[in-house]
Amino acid sequence: MKNIAILAGDGIGPEVVAEAVKVLQAADKKHSIGFVFSYELIGACAIDATGDPLPAATVARCQSSDAVLLGAVGHPRFDSDPAAKVRPEQGLLKIRKTLGLYANIRPIKSYKSLYNASPLKESLIADVDFVVFRELTGGIYFGEKGRKNNGNEAFDLCTYSVEEVERIARLAFEAAQNRRKHLTLVDKANVLETSRLWRDVVSKTSKNFPNVKFDSMFVDNAAMKIVQQPAFFDVVLTENMFGDILTDEASAITGSIGMLPSSSVGSKVALFEPIHGSFPEGAGKGIANPMATILSAALMLDYLGYPAAAQEVRAAVELALQKGVVTGEISKDNPASTSEVGDFIAGSIV
Ligand code: IPM
Ligand code: MG
């Protein structure tokens with residue numbers, strides 16, 4: 001039996017999560033996994049129901065589960081209100097911190113049948129297959145923040161400790177060892193002291209992995225390289241905010257941000273979520289691409305020890321792409337709905 005906490009969240013979150021659950025149920029039927037799904041609140045919907053973007057019941061459920069599947073968090077009604085006391089995103093940041101999920105792993109892969117959907121030339125995106133290790137519980141996201149000078153000045157502090165850098169560096173090097181053995185640290189060490197600490201610690205860690213080629217790159221240069229020569233990268237290791245920005249950029253390579261899954265690990269329970277946001281304009285219309293969440297569910301199957309099932313889910317996604325069973329941001333002329341995509345993928349797992 002595997003207990004899965006489902007945090008569908010806001011906007012398109014519930015729709016894409018529903019399709020991933022369908023797919024997990026199909027995998028369960030075939031592999032007798034014994035999934036038990038429990039639904040809990042996070043984000044704007046949790047604020048509406050309880051006043052808290054991360055209710056205690058949600059935390060407790062996640063902590064007692066084998067894994068967490070999350071949809072998306074965020075609502076524009078909070079974005080346009082700088083004075084809002086609570087924000088949906090606080091729920092997301094807090095669950096990451098509370099569960100100790102310090103490494104967010106975001107694989108970036110190009111799909112042959114999506115080459116046309118990418119703004120980049122086919123010659124650039126063929127063979128793109130890299131993975132970003134984004135630090136998830138430190139840096140400017142979690143440093144002290146506030147106002148001074150009667151509110152006329154604002155600050156967000158970026159801090160990192162040696163230990164915070166070391167633990168994710170180790171995971172990233174281990175991953176590189178099982179891939180093409182190339183790790184690139186992305187930082188801004190020409191300007192930021194935290195980046196100089198990262199360079200220091202990661203260089204030291206690299207000595208323990210002599211078979212991995214280690215290099216480093218400034219984040220501005222990396223932003224350029226991601227569109228100029230994305231196949232250069234194998235494992236990218238970076239801090240929280242750089243990783244946030246670079247993975248949205250990298251998603252353009254695949255042709256749609258609706259394709260990119262992620263896993264967040266660090267403690268005994270792992271969390272799986274698409275990298276896209278809550279897309280509130282698209283909510284309730286059946287137009288959201290569920291593939292990123294379905295691929296996140298595949299990462300979850302890997303994590304739970306069902307690699308064959310994970311592989312079947314990935315193959316079913318590829319089949320849907322090949323057959324053109326895709327949502328409107330990929331196929332304008334003949335779009336499938338969110339649930340049609342989910343039904344096709346779940347139906348291919350037999
Ligand atoms: C992501 C998102 C979040 C982040 C937001 C919603 C707080 O952009 O998971 O990439 O910045 O981490
Ligand atoms: Mg982001």
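Counting convention: from 1, in listed order, for ligands and their atoms alike.
Partners of Arg196 according to the side-chain contact (heavy atoms from CB on, under 4.5 Å) rule, which considers only residues two or more places apart in sequence or in another chain, are Ala189, Glu193. Residues meeting the side-chain contact (heavy atoms from CB on, under 4.5 Å) test with Ala270, sequence neighbours left out: Val265, Phe272, Tyr303.
At a 4.0 Å heavy-atom cut-off, the residues surrounding ligand 1 are Glu89, Leu92, Arg96, Arg106, Arg134, Tyr141, Asp244, listed by chain and number.
Counting non-hydrogen atoms of other residues, nucleotides and ligands closer than 6.0 Å to CZ of Arg61 gives a total of 12 or fewer. Atom NZ of Lys323 has 12 or fewer heavy atoms from other residues, nucleotides or ligands within 6.0 Å. Atom CG of Asp127 is surrounded by 12 or fewer heavy atoms from other residues, nucleotides or ligands within 6.0 Å.
Under the 3.5 Å distance criterion, the side-chain polar atoms of Asp28 are matched with a main-chain donor or acceptor of Gly34.
Partner Arg134 forms a side-chain hydrogen bond (donor to acceptor under 3.5 Å, both in side chains) with one of Thr247, Thr238, Asn240 and no other, that one being Asn240.
Using modelled atom types and a 3.5 Å distance limit, the side chains of Thr327 and Glu329 yield a donor-acceptor pair.
Ring pair Tyr160/Trp198 is perpendicular by interplanar angle, where above 60° counts as perpendicular and below 30° as parallel.
Protein atoms of type N/O/S that fall under 2.8 Å from the Mg ion (ligand 2) number 1 in this view.
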